[in-house]
Amino acid sequence: MELFSTRPGDEGLAGRERALAMAAVMTSTTMAVFDGAIVNVALPPIAHALAVSAQSAVWVANGYLLSAAMTLAIFAALARRVGFRTLFAFGLSLFTLASLGCALSSSLSTLTGWRIVQGIGGAATLSIAPAILRSVFPTRLLGRILGLHALLIATSTAIAPVLGGTLLAAFSWQWLFAINIPLGAIALTLTLQAIPNNSTHGRGPFDIAGAALSALMLGGFIMAANAFSRPGSPQTQLWIAAGYGGVAMAAGLLFIWRQRRAPQPLMPLELFASARFSLAALTSLASFVSQGMTFIALPFLFQSVYGYSVFTSALLFTPWPLGIMLAAPHAGRLADRYPAALISTLGLGIFTLGLTLLALLPDQAQAWDIGIRSLVCGLGFGFFQSPNNREMLANASRENSGYASGVLAIMRTFGQCLGGALVGVILALLAPAGAQAAGAVRLSLWIAVLATVLALLFSLSRIRKQPI
């Protein structure tokens, strides 16, 4: 198999070690994706089993997201000091231990606490997973392996609701977390055996001030996004969101000021000196905003407007990851032969078309019609994502690949959170009690189209900065 072949001058590992390292990263990714998707499905039975309100149970999901987001940049910086293997093994161990804690929890506070710990472990692995693949595989295969990584995420996303529903039907909700324990043990064994541990031990002190400011900035943005899931009037929610957003903005400005003056900054700003890297990051952010908006708006469209059941609504999402599964491997191979920016721009064009088709859905749409339009979105996103990720990683030096991987994870996380927050604002203003839900959903989908057009403009501008 070409992925594990070795040619003269290849960087990274040899064939067998390359395969074991890839298996470790892929297993860890599967755990993280399954965990997020399955837990969201399980929130109602968890609320019922623990005798708490649905509003309170939401923090089982939000606690994980908050702790993961607050530590992404910190772990991206630590990877350079302690090495990929050490940090990845730490994250896997913490994630697996926290999964056991979640499975043994008997109260909401205990479960939420372990989910916060689990989010920290997840951030340690997710923040450097693409960087590990970059260090293990030669540049000539980078697009291909990132395409397979995107394929795995899409497949796991498609399978997770079905697996979660099956486990909940046969067992208790605790088994949703217990399933991570054997997977974590396998991934940890492979990590210690195959992932390299190259590190650059800095003599200067770790940028503690930068770490605190980054956590405050990223956590503030997450709390602002979550403000619209809090009880209270839309006005109260907006004030709370504005407060958290203000704190996040202030921390962000102080973070930039600190990074320019710190002897060993948490996130070196020279990483963004490359116009192609910066444009790829902005493209990723805008595209995940549109994806986040669509993923929140479509369930309201399917259930509140069209009247489909929850199960049918879940099935209507299947063509999207199916499209990614069909497109991502081919996009990765093409990005190794042709300019990655060109391939990802073509993918964004298809993605824009698909979102426009969804926004133009008739008042009473058939399932097959929705499925075709969602499939177009998935095909477009599949052709966009892995070439764009390749563009980001390829335009950062290998010693800065951990930082680049962290930026990639931050763009994805905050794009999705910002998209969800925008839908929350629209629903709060236009459909506070379910009224005019159709109009609010339509507006959300059209704003998602505009966000994708913005991503397309970012992507087109970087094509002019390189030869084709």
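We count residues from 1, following the sequence as given.
Expressed to the nearest 0.5 Å, how far SG of C377 lies from CD1 of I372 amounts to 12.5 Å. With rounding to the nearest 0.5 Å, the separation of CZ in F384 from CD1 in I343 is 13.0 Å. Once rounded to the nearest 0.5 Å, the distance linking CG of L94 with OG1 of T125 reads 10.0 Å. Taking CG from L353 and CZ from R373, the interatomic distance works out to 10.0 Å, rounded to the nearest 0.5 Å. Put simply, CG on L355 and OG1 on T452 are 4.5 Å apart, with the number rounded to the nearest 0.5 Å. Rounded to the nearest 0.5 angstrom, Q118 CD and F95 CZ are separated by 4.0 Å.
A 4.5 Å side-chain heavy-atom check between L301 and L445 finds at least one atom pair inside the cut-off. The side-chain heavy atoms of S444 and V441, taken from C-beta on, include no pair separated by under 4.5 Å. When side chains are defined from C-beta on, Q366 does not count as touching I370, because their heavy atoms never get closer than 4.5 Å. L111 is listed as a side-chain neighbour of W173, based on a closest heavy-atom distance under 4.5 Å. The closest side-chain heavy-atom distance from Y338 to R333 is not below 4.5 Å. F90 places none of its side-chain heavy atoms less than 4.5 Å from the side chain of T86. Under the 4.5 Å side-chain criterion, counting only non-hydrogen atoms from C-beta, M267 is in contact with V407. With contacts defined as side-chain heavy-atom distances shorter than 4.5 Å, the pair F383/L346 does not qualify.
The aromatic rings of Y306 and F302 sit parallel to each other, their planes meeting at less than 30°, with 60° as the upper class boundary.
A donor-acceptor pair shorter than 3.5 Å cannot be found between the side chains of H149 and S386.
Residue-environment remark: CZ (R337) stays at or below the threshold of 12 foreign heavy atoms within 6.0 Å. Within a 6.0 Å radius of CH2 in W446, other residues, nucleotides and ligands contribute more than 12 heavy atoms.
Under a 3.5 Å cut-off, the side chain of S67 and the backbone N or O of I116 do form a donor-acceptor pair. Looking only at distances, no side-chain donor or acceptor of T27 sits under 3.5 Å from a matching main-chain atom of A24. A distance-only check finds a donor-acceptor pair linking the side chain of S287 to the backbone of T283 [under 3.5 Å]. No donor-acceptor distance shorter than 3.5 angstrom exists from the side chain of T96 to the backbone of S93, with no hydrogens or angles considered. Side-chain atoms of R115 come within 3.5 Å of backbone atoms of V60 as a donor-acceptor pair (strictly under, hydrogens ignored). Between the side chain of S344 and the main chain of P387, no donor-acceptor pair closer than 3.5 Å is present. Remark: the backbone N or O of S99 is not paired with any side-chain donor or acceptor of N180 at under 3.5 angstrom. At least one donor-acceptor pair under 3.5 Å links the side chain of R85 to the backbone N or O of I195. Between the side chain of R442 and the backbone N or O of L361 there is at least one donor-acceptor pair closer than 3.5 Å. Listed for the R462 side chain is no donor-acceptor partner under 3.5 Å among the backbone atoms of L279.
L358 and S374 get closest at one heavy-atom pair: CD2-OG, 4.0 Å. A359 approaches V449 most closely through the heavy-atom pair CB-CG2, 4.5 Å. The shortest heavy-atom contact between A224 and G245 is CB-N, 3.9 Å. Taking both residues in full, the closest heavy atoms of P196 and V136 are given as CD-CG2, 4.0 Å, listed atom of the first, atom of the second, then distance. Residue A409 comes nearest to S127 through the heavy atom pair CB-CA, 4.3 Å, listed as atom of the first residue, atom of the second, then distance. Taking all atoms of both residues into account, the shortest heavy-atom contact from M392 to A280 is CG-CB, 3.3 Å.
Here the options are I128, N389, I145, the test is side chain to side chain contact (heavy atoms under 4.5 Å, CB included), and the partner is L133; only I145 passes.
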Inset, instruction - Begin with the C-alpha distance, continue with both residues' side-chain angles, and end with the deciding distance and a verdict on ring pair (Phe, Tyr, Trp, His ring centres under 6.0 Å) for F381 and F351. - result: CA-CA 6 Å; F381 205 83; F351 185 43; 5.2 Å; yes

Inset, instruction - Show your working on side chain to side chain contact (heavy atoms under 4.5 Å, CB included) between I120 and M70 and close with a plain yes or no. - result: CA-CA 8 Å; I120 296 172; M70 292 178 70; over 6 Å; no

Legend entry - R18 and F137: CA distance, side-chain angles, deciding distance, side chain to side chain contact (heavy atoms under 4.5 Å, CB included) verdict: CA-CA 7 Å; R18 198 184 295 168; F137 284 84; 3.2 Å; yes

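Separation of the W320 and F295 ring centroids falls under the 6.0 Å cut-off.
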